[in-house]
Amino acid sequence: MPSFLLKTEPSEFSFQDLVKKKRATWDGVTNAAALIHLRSIAKGDTIYIYHTGDEKAVVGVARALGGAFEDPKRPGKTPEGKPKFAVVDVAPVGPVATPVTLAAIKGDPRFAELGLVKQSRLSVMPVPGAMEKVLREMAGLGG
DNA sequence: GCCAACGTTGGC
DNA sequence: GCCAACGTTGGC
């Protein structure tokens with residue numbers, strides 16, 4: 001099953017906020033490359049939440065409640081007929097046992113091809129299966 | 001359609 | 001607070 005990493009600035013919307021709210025619509029993504037990845041999120045996909053700013057670490061796990069859909073606040077289609085500004089509903093699964101810091105990710109060559117490392121400004125990116133396994137180990141998550 | 005100028009993000 | 005990387009805008 002595919003998994004993804006979503007970045008957020010915790011002072012605006014943190015993983016803890018998601019836990020409190022029980023579910024949230026992940027919106028506000030405007031970057032074209034990030035939107036391409038966002039649109040590929042499907043129901044049940046695992047989502048890793050990364051905090052930028054002072055924390056710079058993967059702090060929690062969430063799940064997509066459905067597939068990406070058109071942002072009702074910003075309707076519009078791409079020339080291909082896809083939602084221009086896609087959003088996705090997510091629910092928290094739980095915090096990681098051990099936050100996985102950006103420094104740790106950058107220091108591990110197995111993450112060299114991860115979007116977080118290659119393009120620091122990308123806010124939505126796929127996490128390939130092999131990397132997800134490493135990430136889960138570092139985060140102290142089972143399976 | 002090119003590209004310089006400007007704005008934004010996010011790590012340092 | 002600075003600046004590199006990248007995206008967007010607007011003049012031509």
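In what follows, chains carry the letters A, B, and so on, assigned in the order in which the sequence lines appear, proteins first and then strands, with residues in each chain numbered from 1.
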Colleague: Could you tell me how far apart A/Glu9 (CD) and B/dG10 (C1') are, to the nearest whole angstrom?
Modeller: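 Result: 9 Å.
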Colleague: Taking C-beta and beyond as the side chain, do A/Thr25 and A/Phe69 meet within less than 4.5 Å on heavy atoms?
Modeller: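 Heavy-atom side-chain distance check passes, below 4.5 Å.
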Colleague: Looking at every heavy atom in both A/Leu35 and A/Lys84, which two are closest together, and how far apart are they?
Modeller: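 Shortest heavy-atom separation between A/Leu35 and A/Lys84 comes out as CD1-O, 3.4 Å.
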Colleague: Among residues 113-121 of chain A, which contact DNA chain B at a heavy-atom distance under 4.0 Å?
Modeller: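 DNA chain B contact set from residues 113-121 of chain A: A/Ser120, A/Arg121.
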Colleague: Does a side-chain N-to-carboxylate-O contact under 4.0 Å join A/Arg110 and A/Asp108?
Modeller: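 Looking at A/Asp108 together with A/Arg110, the answer is yes, because their closest N to O distance falls below 4.0 Å.
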Colleague: Whole angstrom is fine here: how far is it from NZ in A/Lys106 over to P in C/dA4?
Modeller: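 The answer, rounded to whole Å, is 14 Å.
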Colleague: Roughly how far, to the nearest 0.5 Å, is the CG atom of A/Asp17 from the OG1 atom of A/Thr8?
Modeller: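 Answer for the OG1-CG pair, A/Thr8 versus A/Asp17, is 8.0 Å.
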Colleague: Should A/Met138 and A/Phe111 count as side-chain neighbours, where that means a heavy-atom distance under 4.5 Å?
Modeller: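 Of all side-chain heavy-atom pairs linking A/Phe111 with A/Met138, at least one is under 4.5 Å.
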Colleague: Using whole Å, report how far NZ of A/Lys7 lies from P of C/dC6.
Modeller: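 That distance rounds to 12 Å.
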Colleague: Any heavy-atom pair between the side chains of A/Tyr48 and A/Val96 that's under 4.5 Å?
Modeller: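 No, side chains not in contact.
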Colleague: Between A/Lys56 and B/dG10, is there a side-chain N or O to OP1/OP2 distance below 4.0 Å?
Modeller: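 Negative; the distance criterion is not met.
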Colleague: Could you check how far CG of A/Leu122 sits from P of B/dG10, rounded to whole Å?
Modeller: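 To the nearest whole Å, that distance equals 9 Å.
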